[in-house]
Amino acid sequence: MFKKLALILMSVTALTVSGVQAGGHSKDRDKTVIFDIDGGKIAQPYNFNYMVPGTNRNQGIHQAVWEPLFILNYETGEIDSWLGDSFVPNKSLDVWTLNLKKGIKWHDGEDLDADDVVFSIQMLMNDKTGSLNYAASMQQWIKEIKKQDKHTVVFTLTEPNARFQLDYFSVKIWGGVVIMPEHVWQGQDPYTFKFYDKEKGWPLGSGAYKLVSASETEFIYDRDDNWWGASQGMSLPAPERLIWAVTSTEENRSMLAARGELDSVMDVTLGAFEAMQARNPNMQAWFDDLPYSWLDPCARQLSINTQAEPWDDPAMRWALNYAIDREEVVRVAYEGTTIPSMSLFVHYGGLFPYIDAVVSAGMGMDLNANPHIAQKIIESKGWKKGSDGFYQKDGKTLEFVIKTHEGYIEKRRIADVVVEQFLDAGIKAEHRPIAGATWNDNRAVGDFMGSMDWHSCGSINEPYASLNRFTAKYLRPLGTPSPGHNNYVRWDTENSKKFSEIVNKMGAMPLNAPGMVDMVLEAYKLWYEELPFIPITQARKLIPFDTTYWTGWPTATNNYNHPATWWQSTHQIIHNLKPAN
């Protein structure tokens, strides 16, 4: 199989990616770093309003331009400062005081200070629709925000929250709340303002790079030699230019990487990585040997629209679960490079007390399918197999459609395997890859039956964050966008209400407080009985880096942080890069 893939890669001659071919830009390759964008073309390349659901921000803008307050270091477990100097709670954990670093400047020379922080948070708190990204969370937790002085902001919370800094301001997973410039956003409509005007230098940020050009397939950023950090004793990053390019397919990104024309590659299959490494020995991954991969905190799951018949019946969702063979998914979709999920949580050390308790209580996920049990459940609901081998009732065929983002190869491969398993069980299943923007919108408003995704992620060292995403406070009617892609499965039962009560109590407790394991088991049982989504596998990320032109990429031995270059923590990676020669 690997040899076959290598031949395919070598036969690719026509690449549709603009601007990544060597010599395609004025900057030399030893001054330019080229990053991969997966997920296909950027539907709105001139919209930089990150608060509007569906707007892209990982095409370089939040990795190079919008600096975070803090960054969680997965390797040390510490929260590293960036724009923020400190963020300290009082003893009762209901008042948090943020201290900003001094001397921070926006690209236009204006100070980035407490006024910008207060304005940015207040903008989210004033969102009466609760539809803007992070608005629901800010409204849930913040009672009042006040400027104490130019560099100090005081957050008074609605109730104690030990996770406040970690969850929203530390790039715990992917990104977080972004501070916007008050002098630009003042008077703008946060629902429609696109924050783009090339003549005015928008979008602007405080990072070491400025946007030079944008298109559906490519974003170019040049270093700002007047970056505020340089005046505060920090070094300018070595790359003079950063390019984020849409490579579209695994074949394209593999060929570009093999030819040394892509420095940072998004997630690829094992076969693709071994093929590109065979042609370019300078390619490296997190580990030098199998499994090569880094374990992403967002485990993969099959999300189910709990308002769509007949899958609104928990028993029918359990039938789907019994039809899934997780070991086969790992073997076929991942080529053995990951492991099945035992629960809804990622397999990180801090979560194993909860995972072990769940499994010991008999609520672990099965490794292998039990199609006979699945069929028995389906038949108990009045469905009978037709001559075509699919279940039917009242003139209707039992169908299940899984939608995936067309640009996410990993999720598509999982869906392909699961669809075959459902077909074998007598369910007329279909895998339907769709455009990324449409996929996001469909999930948000509940226009799906099944979705292969990852949106129970949130917990990395304690259980609350993942459980909280499916609580009743995020429930919205079909057709109304779910806030922050929380409870987009629209779980709305007596079990969900009881689940929400328990989880809300957990949110006001210190991290991993005494009694937390028992509370998790109580809440988990309510979720497990109804399975609004089905955990499938852990999410391995095989992320290749090319050291031909640039060194300093994160690895298991050079582990200053993790290797997720689509996260806002990429600022750390960029500042660690050095020319190879």
Side-chain angles (χ1 to χ4, degrees), residues 301-326 341 343-344 362-366 369-386 388-403 415 418-432 442-443 445-453 455-456 467 469-472 474-480 482 486-500 522-536:
Q301 66 192 48
L302 175 61
S303 297
I304 304 165
N305 187 340
T306 63
Q307 304 295 314
E309 295 182 349
W311 311 108
D312 56 341
D313 183 345
M316 291 296 286
R317 299 196 292 272
W318 264 99
L320 293 176
N321 181 57
Y322 279 121
I324 295 172
D325 191 313
R326 291 171 177 79
S341 289
S343 71
L344 66 83
M363 295 185 287
M365 309 312 296
D366 292 335
N370 285 290
H372 299 301
I373 299 178
Q375 291 170 340
K376 186 176 180 179
I377 293 172
I378 294 170
E379 290 165 5
S380 73
K381 299 296 179 178
W383 296 87
K384 296 181 180 180
K385 273 195 179 181
D388 60 358
F390 297 122
Y391 282 103
Q392 297 177 348
K393 185 170 73 171
D394 300 330
K396 295 182 179 179
T397 300
L398 183 59
E399 298 179 337
F400 192 82
V401 177
I402 302 176
K403 291 183 177 181
V418 171
V419 161
E420 289 298 322
Q421 294 172 352
F422 288 171
L423 291 171
D424 289 342
I427 302 165
K428 191 175 182 181
E430 176 189 350
H431 172 202
R432 191 176 297 169
N442 284 178
R443 285 188 315 121
V445 300
D447 183 13
F448 70 97
M449 186 176 293
S451 170
M452 194 61 69
D453 52 45
H455 288 81
S456 64
L467 299 176
R469 299 195 68 172
F470 294 88
T471 50
Y474 298 118
L475 184 65
R476 298 292 185 274
L478 286 171
T480 301
S482 56
N486 294 312
N487 202 5
Y488 56 96
V489 296
R490 288 166 169 79
W491 185 32
D492 183 22
T493 64
E494 286 304 311
N495 265 25
S496 74
K497 293 178 176 64
K498 294 175 184 176
F499 171 92
S500 300
E522 186 181 359
Y524 201 95
K525 183 176 186 294
L526 296 164
W527 170 86
Y528 185 77
E529 288 172 352
E530 299 194 344
L531 286 186
F533 62 90
I534 301 174
I536 307 290

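Since this is a predicted model, take the numbers as computed values, not measurements. We number each residue from 1, following the sequence as shown.
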Query raised in the report: Who pairs with Phe448 by ring-ring contact (aromatic ring centres under 6.0 Å, His included), at least two apart in sequence or on another chain?
Result: none
Query raised in the report: With sequence neighbours excluded, what pairs up with Glu430 under the side chain to side chain donor-acceptor pair (under 3.5 Å) test?
Result: Arg432
Query raised in the report: What is the distance from atom CD1 of Ile534 to atom CG of Leu302, rounded to the nearest 0.5 Å?
Result: 5.0 Å
Requested in this report: Mind checking ring-ring contact (aromatic ring centres under 6.0 Å, His included) for Tyr391 and listing every partner two or more places apart, or none if nothing turns up?
Outcome: none
Requested in this report: Using side chain to side chain donor-acceptor pair (under 3.5 Å) as the criterion, list what pairs up with Ser456, not counting sequence neighbours.
Outcome: Gln301
**Report entry** Under the ring-ring contact (aromatic ring centres under 6.0 Å, His included) test, residues paired with Trp311 that sit two or more places apart
**Finding:** Phe400
Requested in this report: Name all residues meeting the ring-ring contact (aromatic ring centres under 6.0 Å, His included) criterion together with Tyr528; count only those two or more places apart in sequence or in a different chain, and write none if there are none.
Outcome: Trp318
**Report entry** Residues in side chain to side chain donor-acceptor pair (under 3.5 Å) contact with Lys428, at least two apart in sequence or another chain
**Finding:** none
**Report entry** Sequence-distant partners of Asp313, salt bridge (charged side-chain N to carboxylate O under 4.0 Å, His left out), two or more places apart
**Finding:** Lys381
Query - Heavy-atom pair of closest approach, residues Arg326 and Asp366 - result: NH1-O, 2.9 Å
**Report entry** Minimum heavy-atom distance Gln307-Asp492, with the two atoms named
**Finding:** NE2-CB, 4.2 Å
Requested in this report: Could you pull out all residues at least two apart from Glu529 that satisfy salt bridge (charged side-chain N to carboxylate O under 4.0 Å, His left out)?
Outcome: Lys525
Only distances under 3.5 Å count here; give the side-chain donor-acceptor pairs of residues 419-427 to other protein atoms, sequence neighbours excluded, each with its distance to 0.1 Å.
residue	atom	partner	partner atom	Å
Gln421	OE1	Asp325	N	3.0
Gln421	NE2	Asp325	O	3.1
Gln421	NE2	Glu328	OE1	2.7

**Report entry** Any residue meeting side-chain contact (heavy atoms from CB on, under 4.5 Å) with Asp312, in chain and number order, not counting sequence neighbours
**Finding:** Glu309
Query raised in the report: Quick one: does Asp394's side chain have a donor or acceptor within less than 3.5 Å of a partner on Lys396's backbone?
Result: no
Requested in this report: For residues Trp527 and Phe533, establish whether the separation of their ring centroids is below 6.0 Å.
Outcome: yes
**Report entry** Pairing residues for Thr493 by the side chain to side chain donor-acceptor pair (under 3.5 Å) criterion, not counting sequence neighbours
**Finding:** Trp491, Glu530
Report summary line: Taking every heavy atom of Arg443 against every heavy atom of Ser451, the minimum-distance pair comes out as CD-OG, 3.0 Å
